[in-house]
Amino acid sequence: MVSENPFAEFRLECENVLGEAIKKVFPEFYIPRLTLERPPSLEFGQLASSMCFELVKQVGETPLVLAERLIKALDKSKFSLIERVAAAGEGYINFHVDFAKFSALTLESARQLDAEYGFVKTQEPLKIIVEHTSVNPLHPIHIGQARNPMLGDAIARILKSRGYTVFRHYYIDDVGRQTAVIAYGYEKLGKPKTEGKPDHFIGKIYTITSCLVEINRLKRELELAKAVSATEEITKINRELDDWVSVAFELKEKFPELFEELLEKIRENEDPENMVNKLNRAYEAGEEKAKQFIREVSELCLQGFRETLSRAEVFYDSWDWESDFVWSNRVTEILQRLKTTPYVLTLGGILEFDAEKVVKKLNLKEKLGLREDYEVTPLTLVRADGTTLYTTRDIAYTLWKFERAEKVVNVIGMEQVLAQLQLKIALHALGYSKYADNLIHFAYNLVTLPGYKMSSRRGRYITLDEVMDEAVKRAYEEVAKRSPQLSGKEKQKIANFVGIGAVRYALTEVDPSKPVVFTWDRVLNFEKNSAPYIQYSHARACSILRKAARKPEKPAYDLLKEKLEREILLALASFPDIFVEAAELLKPNLIADFANALADKFNTFYNALPVIKAEPQELSDARLALVDAVRIVLRNTLNLIGIVAPERM
RNA sequence: GGGCGGGUAGCCUAGCACGGAUAGGGCGCAAGCCUCCUAAGCUUGCGGUCGUGGGUUCAAAUCCCACCCCGCCCGCCA
C-alpha cells in the first residue's frame with residue numbers, strides 16, 4: 001500500500017472513530033471541532049485529544065472519566081492504523097499507532113514515490129508568478145539583499161512541487177535617477193573596458209559617481225543658502241556635506257585610480273546633478289543615446305548577477321525591464337484609466353492618488369487588515385515634470401503579471417509594506433479586486449551588519465560573492481583536513497556545494513519576519529543546524545546503502561521497535577504535512593527546520609544502532625529500508641531549498 | 001505622533017496562525033566516545049522571570065488589554 005501522506009491516514013482514522021464515539025455517547029452535545037494534537041512524547045501516543053477538558057463544562061464528570069467512556073465507545077473494528085487508545089494524564093485521549101503497519105506504509109510510500117514523496121499536490125493548480133530578487137542594477141548583490149533570492153527561490157521550488165505552474169520573474173528597475181548616475185559616470189570615463197566581475201566594476205563607478213554628484217549638489221546648495229544667509233539651512237547642509245566628504249575619503253582610499261579619474265572628469269562639468277536628471281528624463285522618454293548607455297550599464301550589472309545567482313542555484317524564467325513598461329505606453333494607459341476614477345486629483349502640478357478614499361468607498365479596511373482609524377497615505381503618481389514614480393509603474397507591471405498568472409507573490413522587503421498596500425488599493429480602484437486579492441506581498445525583515453545598516457550608496461556592504469567565496473574557501477580547508485586522500489578537483493567540488501549550501505541554509509533557516517544581524521559565523525557554520533550537517537547525513541545514508549550492496553528483500557517492519565527508529569518513522573510520515581504547511585503559509589524555514597531535525601534523529605540512530613550488521617537479516621532489511629527513506633526525504637527537503645544533496649562528502 | 005514587524009538562557013534560534021502533558025534545538029563552556037555502516041558525528045553535564053504588568057481559561061510562550069525596548073515605514077526616492 002502506498003499513501004502520499006501516511007500520517008494524514010492515521011489522523012483521519014483517529015478523527016473518524018472519535019467523531020463516531022462522541023455522537024454515540026453524547027448525541028445531545030455540540031462539539032465545535034475535533035482537532036487532534038501531537039503529544040509531547042512517544043509514550044503518550046502519536047495523536048491526542050484534549051476535548052474532554054472542554055466537555056466537562058457540558059457534562060458533569062471529570063475529564064478522565066469522560067475520556068474513558070469515550071474510549072470504551074470506540075468502534076474497534078474500524079481500527080486499521082490505530083493499535084490502541086488510552087486515557088492518560090488528567091483526561092487526554094491518546095491514540096497509539098500500530099507501528100508494524102504504519103512503518104510498512106510509510107517506508108513503502110517514501111521509497112515508491114521517491115522523488116515525489118511528500119509533495120502533496122494542490123487541488124487548485126494555478127499559475128503563479130514569484131517575483132524575487134529584483135536588485136537594482138547598480139552594484140553587486142550584497143548580503144542584505146541576498147536573503148531575497150534565497151527565500152524567493154525556495155518559495156518558487158516549494159510552490160512548483162505543490163503542483164502550481166510557477167514562473168520566476170526578475171524585475172529590472174532601470175528607470176530612475178540611480179541608473180542615470182552610473183550611465184553618467186560611465187560616459188565620463190569614455191565607456192571603459194570592464195575590469196573584473198562586471199557588477200563589481202559598475203558598483204565602483206556608481207558609488208564614486210554618486211558621491212561626487214552629491215557633493216557637487218550640496219556645495220551648490222550651500223552657496224545658495226549662504227547668499228540668503230539661511231543659518232539653519234547652512235548647518236544642515238554642512239553636516240550632510242561632511243558626511244559625504246568622509247565617504248569620498250573612504251572611496252579614494254579603496255579605489256584610488258578610478259576615484260581620481262572620475263573626480264577629474266566630473267569637475268570639468270558645470271552641473272553634474274542637472275546632467276544626471278537630464279539623462280534620466282531622456283531615458284524615460286526613450287531617447288536613443290540614453291537608452292544605449294543605460295541599457296549597457298544595466299546589462300553589465302545583470303551579467304554579474306546571473307553569474308552570482310547561478311552559483312547559488314538560483315535561476316529565473318523572465319527578466320522584466322521596468323523601462324519597457326514606460327516605453328510601451330502601458331504606464332500612460334494605466335494613468336489614463338486611473339484619471340477616470342474618482343480617486344485621482346491634480347494637486348499643484350502633480351497627480352495624486354487618494355488611497356484612503358478608495359478604502360472608505362469600497363469598504364476595504366477590514367479586508368486589508370487595517371485598523372478602523374488608520375488612514376492610508378496618498379500616493380503621488382506623476383511628478384510636476386511629468387515623469388512617473390516607482391509605484392505608478394509597478395501598477396502597470398502588476399497588471400501585466402496578472403495577464404500571465406492567477407496569483408502573484410512579490411518577495412520584497414518589509415520596508416515596502418506601505419507601497420505594496422497602495423499598489424493593492426490601486427488595483428481595487430481600477431476594478432481589479434480579484435487581482436488585489438491574489439497579490440501577495442511576501443515581506444521579510446532586514447539584514448544588517450553589526451552596528452550599522454548596509455548602504456549601497458555609500459559602498460558599505462559585504463557582497464554575496466565574497467560571502468560565497470569565503471564559505472567555499474573555508475569548506476575547502478575542512479575537506480582537505482577530513483579527506484586528504486581526495487583529488488584537488490574532488491575537494492573543490494565538495495567545497496563548492498558545502499560552502500554555498502551553508503550560505504543558502506543560513507539565509508533560509510531564520511523566520512523571514514525576524515531581523516538578522518549578519519555575522520560570519522552565521523554563514524560559516526558547518527556543524528549542527530547547517531546545510532553541511534544535513535548534506536553529511538544524506539551522504540552517510542548513501543554510504544550505508546552503498547556498503548550494504550543489496551536491496552532490502554525481506555524487511556520485517558514490525559522489528560523496528562526502538563524509540564529512535566519510531567521517531568524517525570514519525571518524522572518521515574509527517575513530512576507531507578510539513579510540506580503542505582510550508583507551501584500554504586509560504587514558510588521555507590519550516591523545511592529547513594524539518595530537514596535539520598530529521599538529520600539529527602538519523603545521526604543519533606546511526607551511532608546507536610547497526611544497520612548492515614543487524615541481526616536477523618529481516619531487521620537489517622527493515623533498517624536498510626528506513627535508511628533509504630531517510631535518504632529520500634533528506635534529498636527532497638534539500639532540493640526544496642536549493643541545496644545539493646551529495647552522495648559523498 | 002501614527003502604522004507595521006520583532007523581543008524566548010552569555011549569544012543565536014524553534015514553538016505562537018489553530019491555547020493542552022516536562023518550553024525543543026544550536027553556538028559557547030565542562031567531561032567522555034573512532035580495532036564497529038563517513039567523528040562535518042554521538043553521549044553526559046551546566047545554563048530559562050518565554051520583554052513588563054494585568055485579564056480570559058480547567059489549562060497561556062501561544063488569546064485579549066495596557067505599557068517598555070529595538071528595527072522599519074509614513075518622499076514630486078526606489
Side-chain angles (χ1 to χ4, degrees), chain A residues 33 35 37 39-41 44 48-51 53-54 56-57 62-63 88-92 94 136 138 173 175-178 322 347-352 369-371 373-377 379-385 387-391 393-394 413-419 421 443-446 448 453 475 478-479 481-483 498 502 509-511 513-517 519 521-522 525-530 532-537 539-548 581 585 589-590 593 596-597 599-600 603-614 623-624 627 648-649:
Chain A
R33 64 180 145 79
T35 43
E37 67 237 22
S41 156
F44 300 135
S49 168
S50 53
M51 60 170 296
F53 296 103
E54 261 178 277
V56 174
K57 288 170 217 156
T62 69
E90 303 287 304
Y92 292 96
N94 290 342
N136 296 358
L138 309 171
D173 182 13
V175 180
R177 206 176 153 275
Q178 328 83 306
E322 186 177 15
L347 241 179
I350 63 159
L351 203 64
E352 193 161 77
L370 306 172
R371 285 195 178 207
D373 52 356
Y374 173 74
E375 278 192 34
V376 186
T377 320
L379 171 73
T380 304
L381 295 167
V382 180
R383 293 188 187 95
D385 71 357
T387 55
T388 55
L389 284 105
Y390 177 81
T391 308
R393 302 186 292 263
D394 205 10
M414 60 156 253
E415 68 275 10
Q416 294 207 42
V417 273
L418 177 60
L421 176 69
Y444 60 93
N445 215 317
L446 248 52
T448 53
K453 243 177 95 176
E478 288 297 310
V479 182
K481 224 185 322 178
R482 293 163 206 275
S483 320
V498 166
E509 170 236 8
V510 185
D511 187 312
S513 67
K514 293 216 183 203
V516 164
V517 177
T519 53
D521 38 299
R522 199 186 267 272
N525 174 23
F526 298 161
E527 290 172 13
K528 288 194 77 160
N529 194 19
S530 74
Y533 178 66
I534 301 162
Q535 290 171 315
Y536 183 74
S537 311
R540 247 185 175 175
C542 291
S543 172
I544 295 175
L545 296 167
R546 203 162 45 231
K547 289 256 163 73
E581 198 183 342
L585 302 181
N589 53 311
L590 293 183
D593 274 350
N596 185 59
D600 212 341
N603 283 314
T604 308
F605 162 83
Y606 178 92
N607 274 276
L609 302 166
V611 175
I612 298 171
K613 289 182 182 161
R623 283 187 182 158
L624 273 175
V627 171
R648 292 168 206 266
M649 71 182 266

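The figures here come from the full heavy-atom set of this structure, side chains too, leaving out hydrogens, waters and symmetry mates. Lettering follows sequence order; numbering is per chain, from 1.
A:A443 comes within 4.0 angstrom of no nucleic acid atom, judged by non-hydrogen atoms across all strands. Nucleic acid contact for A:Q416: base, since at least one base atom lies under 4.0 Å from a heavy atom of the residue. Residue A:L389 is classed as a sugar-phosphate contact, given heavy-atom separations below 4.0 Å to backbone atoms only. Residue-level contact check: A:G348 touches the bases, meaning some heavy atom is under 4.0 Å from a base atom. Note on A:F53: a base of the nucleic acid sits closer than 4.0 angstrom, heavy atoms only. Nucleic acid contact for A:R623: none, since no nucleic acid atom lies under 4.0 Å from a heavy atom of the residue. When heavy atoms are screened at a 4.0 angstrom cut-off, A:N94 is found touching base atoms of the nucleic acid.
Nucleotides B:G25 and B:A17 have their P atoms positioned 22 Å apart, rounded to a whole Å. The C1' atoms of B:G6 and B:U43 are separated by 36 Å, rounded to the nearest whole Å. Taking the C1' atom of each, B:G24 and B:U52 are spaced 25 Å apart, rounded to whole Å. Comparing the P positions of B:G15 and B:C58 gives a spacing of 29 Å, expressed to the nearest Å. Spacing between B:G26 and B:A14 at atom P, rounded to whole Å, works out to 15 Å. Spacing of P atoms, B:C16 relative to B:A61, comes out at 14 Å, to the nearest Å. Comparing the P positions of B:U56 and B:C64 gives an interatomic distance of 15 Å, to the nearest angstrom. Separation of the P atoms belonging to B:G47 and B:G55 is 31 Å when rounded to the nearest angstrom.
Of all heavy-atom pairs between A:E37 and A:S50, the closest is OE2-OG, 3.2 Å. In terms of heavy atoms, A:A548 sits closest to A:I612 at N-CD1, 3.6 Å. The shortest heavy-atom contact between A:S530 and A:E527 is OG-O, 2.5 Å. When all heavy atoms of A:N445 and A:S513 are compared, the closest pair comes out as ND2-O, 2.9 Å.
The CG atom of A:D511 sits 9.5 Å away from atom CG of A:D593, with the distance rounded to the nearest 0.5 Å. Distance check: A:F605 CZ to A:R540 CZ gives 11.5 Å after rounding to the nearest 0.5 Å. Interatomic distance, A:K613 NZ to A:R623 CZ, rounded to the nearest 0.5 Å: 14.0 Å. We find the CG-CD distance between A:N136 and A:E322 to be 8.5 Å, quoted to the nearest 0.5 Å. For the atom pair OG (A:S537) and NZ (A:K528), the distance works out to 9.5 Å, reported to the nearest 0.5 Å. In this structure, the separation between CG on A:L389 and CG on A:L351 is 10.5 Å, given to the nearest 0.5 Å.
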So which protein N/O to nucleotides 11-15 of chain B N/O distances come out below 3.5 Å?
residue	atom	partner	partner atom	Å
B:C12	O3'	A:R522	NH2	3.3
B:A14	OP1	A:D511	N	3.2
B:A14	OP2	A:K514	NZ	2.9

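Phosphate contact (OP1/OP2 of B:C76, side-chain N/O of A:T380, threshold under 4.0 Å): present.
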TODO: Quick one, give me the B/S/- string for nucleotides 36-41 of chain B, reading 5' to 3', where B means a protein heavy atom under 4.0 Å from the base and S means that only happens at the primed atoms, P, OP1 or OP2.
DONE: -BBSBB
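In this structure, A:D373 places its CG atom 7 Å from P of B:G3, rounding to the nearest Å. Between the P atom of B:C74 and the CG atom of A:L379 lies a distance of 12 Å, rounded to the nearest Å. For the pair A:Y92 OH and B:G20 P, the interatomic distance rounds to 9 Å; values are reported in whole Å. To the nearest angstrom, P of B:G19 lies 9 Å from CD of A:E54. In this structure, A:N596 atom CG and B:G25 atom P are separated by 12 Å, rounded to whole Å. Counting to the nearest Å, the P atom of B:C77 and the CG atom of A:L381 are 13 Å from each other.
In terms of modelled atom types and a separation under 3.5 Å, the side chain of A:S41 and the main chain of A:F44 share no donor-acceptor contact. Between the side chain of A:R383 and the backbone N or O of A:I350 there is no donor-acceptor pair closer than 3.5 Å. Distance alone, capped at 3.5 Å, is enough to place a donor-acceptor pair between the A:R522 side chain and the A:V517 backbone.
Comparing A:L418 and A:S49 along RNA chain B, the residue whose closest nucleotide (by nearest heavy atom) sits nearer the 5' end is A:S49. For the pair A:S41 and A:T377, nearest-nucleotide mapping onto RNA chain B gives the more 5' position to A:S41.
Stems are defined here as 3 or more consecutive Watson-Crick or G-U wobble pairs with pairing distances under 3.5 Å; those involving RNA chain B are B:1-7 with B:68-74, B:10-13 with B:24-27, B:29-33 with B:41-45, B:51-55 with B:63-67.
Under the 90° criterion around 0 for the glycosidic angle, B:C34 counts as syn.
Side-chain atoms of A:N603 and A:Y533, non-hydrogen and from C-beta on, do get closer than 4.5 Å to each other.
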